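Only one structure is covered here, and it is reproduced in the block below.
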Amino acid sequence: MTRGGAMGLEPAVRLVRRVAAGRRHPLVLVDGPSGAGKSTFAAVLVRGWPGAEPVVVRVDEAIPGWRGLRRGAAALAVSLVGPNSRGAVGAVHRWDWLADRGGGVQRVRPGRALVVDGCGAFRAGRDRPDAIRVWVDAPYIERRERALARDRGAFDPYWDEWEADWRRTSSGRR
């Protein structure tokens with residue numbers, strides 16, 4: 001543990017794997033603000049996962065536009081997380097960000113660990129008290145720089161709108 005209860009990447013990954021080891025089909029929810037390092041955490045977590053590689057679903061693949069975070073995360077709770085927890089096939093209704101409309105549907109078969117990564121992941125797993133919840137954060141300036149560099153300018157005009165939607169959606173969700 002470090003100042004503020006934070007933990008480094010590798011120790012956190014080891015802890016999540018250790019907690020997940022005792023579960024049949026674990027659900028790991030990796031949440032936090034944009035640019036915090038959620039996808040990096042999920043990639044490291046999955047890369048060394050013992051046994052069958054987990055299925056990774058990125059929340060932003062299912063969010064209907066720049067103001068759809070709450071709606072998209074809630075839809076994942078119903079279409080993906082709920083069915084998966086019952087041993088049924090779940091679905092991710094993808095959003096085509098370039099066309100600004102719904103895209104295809106990804107079917108997710110049960111039986112492997114499921115990692116839901118992205119802003120709103122806790123909301124997507126809200127009905128799963130057994131989920132392993134990981135909060136990833138970083139200072140605002142660092143997050144903004146990472147997010148804007150990552151998307152090579154495509155995200156720039158939407159940063160403020162996305163940050164506001166994330167704050168509305170995430171308040172009290174940690």
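No hydrogens, no waters, no symmetry mates; every other heavy atom, side chains included, goes into these values. Keep in mind that what you see is a predicted model, and the values were worked out from it rather than measured.
Of the possible polar contacts, none joining the H25 side chain to the A113 backbone as a donor-acceptor pair under 3.5 Å is found. For the pair S79 (side chain) and A91 (backbone), a donor-acceptor distance under 3.5 Å is present. Judged by distance alone, with hydrogens and angles left aside, the side-chain atoms of D96 form no donor-acceptor pair with the main-chain N or O of R101 at under 3.5 Å.
At a threshold of 4.5 Å between non-hydrogen side-chain atoms, the residues D31 and V134 do not count as touching. Using a 4.5 Å heavy-atom threshold, the side chains of P33 and D137 count as touching. Proximity of V136 to V30: side-chain heavy atoms (C-beta onward) are separated by under 4.5 Å at one or more points. At least one side-chain heavy atom of R150 sits under 4.5 Å from a side-chain heavy atom of S34. The side-chain heavy atoms of R70 and R123, taken from C-beta on, include a pair separated by under 4.5 Å. At a threshold of 4.5 Å between non-hydrogen side-chain atoms, the residues S39 and R58 count as touching. A 4.5 Å side-chain heavy-atom check between V59 and F122 finds every atom pair outside the cut-off. In this structure the side chain of I141 never reaches within 4.5 angstrom of the side chain of R144, judged on heavy atoms.
To the nearest 0.5 Å, atoms NZ (K38) and SG (C119) are separated by 4.0 Å. In this structure, the separation between CZ on R133 and CZ on R126 is 11.5 Å, given to the nearest 0.5 Å. Rounding to the nearest 0.5 Å places CZ of R14 at 9.5 Å from CG of L9. Atom CH2 of W66 sits about 10.0 Å away from atom CG of D100, to the nearest 0.5 Å. In this structure, CG in L114 is found 5.0 Å from CG in N84, a value given to the nearest 0.5 Å. If you take CG on D117 and CG on D60, they are separated by 7.5 Å, rounding to the nearest 0.5 Å.
Residues R112 and A52 approach most closely at CD-CB, 4.1 Å, considering heavy atoms. When all heavy atoms of R146 and G37 are compared, the closest pair comes out as NH1-N, 3.7 Å.
Remark: E53 does not engage R47 in a salt bridge, criterion side-chain N to carboxylate O under 4.0 Å. With salt bridges taken as basic N to acidic carboxylate O contacts below 4.0 Å, one links D130 and R128.
Annotation: cation-pi pair R143/W166 present, NZ/CZ under 6.0 Å from the ring centroid and within 45° of its normal.
The ring-ring contact (aromatic ring centres under 6.0 Å, His included) search around F41 returns none, not counting sequence neighbours. Listed by chain and number, the residues in a ring-ring contact (aromatic ring centres under 6.0 Å, His included) with W49 amount to none (sequence neighbours excluded).
More than 12 heavy atoms of other residues, nucleotides or ligands sit less than 6.0 Å from atom CZ of R17. Environment of CZ in R109: sparse, with no more than 12 heavy atoms of neighbouring residues, nucleotides or ligands closer than 6.0 Å.
There is no path of hydrophobic side-chain contacts, each under 4.5 Å, that joins V89 to V56. Under a hydrophobic-cluster definition in which Ile, Leu, Val, Met, Phe, Trp and Tyr are linked whenever side-chain heavy atoms come within less than 4.5 Å, directly or via other members, L76 and V78 are assigned to different clusters. Tracing side-chain contacts under 4.5 Å through hydrophobic residues (I, L, V, M, F, W, Y), one never reaches L98 starting from W95; they form parts of separate clusters. V55 and V105 fall into different hydrophobic clusters, where Ile, Leu, Val, Met, Phe, Trp and Tyr side chains are chained together by heavy-atom contacts under 4.5 Å.
Considering L45, L29, V28 in turn, V28 is the only one that fulfils the side chain to side chain contact (heavy atoms under 4.5 Å, CB included) rule with I132.
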Exercise for review: Evaluate the side-chain contact (heavy atoms from CB on, under 4.5 Å) criterion for residues W97 and E61: first the C-alpha distance (whole Å), next the side-chain angles of each, then the deciding distance (0.1 Å), finally the verdict.
Suggested key: CA-CA 8 Å; W97 286 91; E61 296 174 349; over 6 Å; no
Practice item. Verify side-chain contact (heavy atoms from CB on, under 4.5 Å) between V57 and L80, making sure each step is shown before the conclusion. Key: CA-CA 9 Å; V57 172; L80 173 68; 3.9 Å; yes
